[in-house]
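Computed over heavy atoms, backbone and side chain alike; hydrogens, waters and symmetry mates excluded. Indexing begins at 1, ligand by ligand and atom by atom, following the structure's order. Keep in mind the model is a prediction, meaning the values are calculated, not measured.
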Amino acid sequence: MPKVLIVEDEEPVSLLLRYNLEAEGYEVEQAFRGDDAEIRLREVTPDLVLLDWMLPGLSGIELCRRLRARPETERVPIIMLTARGEESERVRGLGTGADDYIVKPFSVPEVVARIRAILRRAKPEVLSSVLALGDLELDRETHRVRRAGRELHLGPTEFKLLEFLMRSPGRVFSREQLLDGVWGHDVYVDERTVDVHVGRLRKVLNRTAKKDPIRTVRGAGYSFDDTFAKAG
Ligand code: CA
């Protein structure tokens, strides 16, 4: 999953971007102030930063300069968001180090397309449709799953469940979080349904292999075993 940090103080704009990027399969984090974003960027390095020009705390342009000056973030793709007429000319003229800029009000499909274009150039690996952990491979486009090269046949729910877990190896999800993430918020399903489907998923995954990639965490839920992820 490509990770995008949205730094934007206008909450509706930030939410609109978040909603649409998540629907496209991106993992999204938000910061509403420039100084908060700078602190966060010392802890995590996203695959791309969407950066508003006018921000409280620290301006987008200054944050962009600082990111370019640090070895850890000098290559992070940055798309600047600017208000029409005011800053766009200056962004172009000042050579901020941003990879691209988008003028507000923008069209969401355009933002999504620009993000994809930049990632394809800068980080093609994050757009791959294949999740590979240990000897397990899951292709999100063809919906094929292989273990040690052998094709496995999963039901649609088991496929979604596996994809969900494989996206965050090591992270423990409660049954409730799995229901939200795999079945969706609006569906009423008993939490025990999760156990049934995890059971079916395990049966297929482990039919011809010994090591179970799914970890049951007593009292907490399930996770994709990160030791399995590292083994391959
Ligand atoms: Ca702003």
J.: I need the protein N, O or S atoms closer than 3.0 Å to the Ca ion (ligand 1), given as residue plus atom name.
T.: Asp9 OD1, Asp52 OD2, Met54 O
J.: Anything under 30° is parallel, anything over 60° is perpendicular, the rest tilted; go ahead and classify Phe164 against Phe173.
T.: tilted
J.: Between CD1 of Ile78 and CD1 of Ile118, what distance do you get to the nearest 0.5 Å?
T.: 10.0 Å
J.: Taking Thr157's backbone N and O only, do any of them form a donor-acceptor pair with Arg200's side chain (distance below 3.5 Å, no angle check)?
T.: no
J.: Look at the side chain of Arg147 and the backbone N and O of Leu136, then say whether any donor-acceptor pair between them is shorter than 3.5 Å.
T.: no
J.: For residues Arg202 and Thr216, is any side-chain donor paired with an opposing acceptor at under 3.5 Å?
T.: yes
J.: Using the side chain to side chain contact (heavy atoms under 4.5 Å, CB included) rule, pick out the option among Thr45, Val44, Val28, Asp47 that qualifies with Lys3.
T.: Asp47
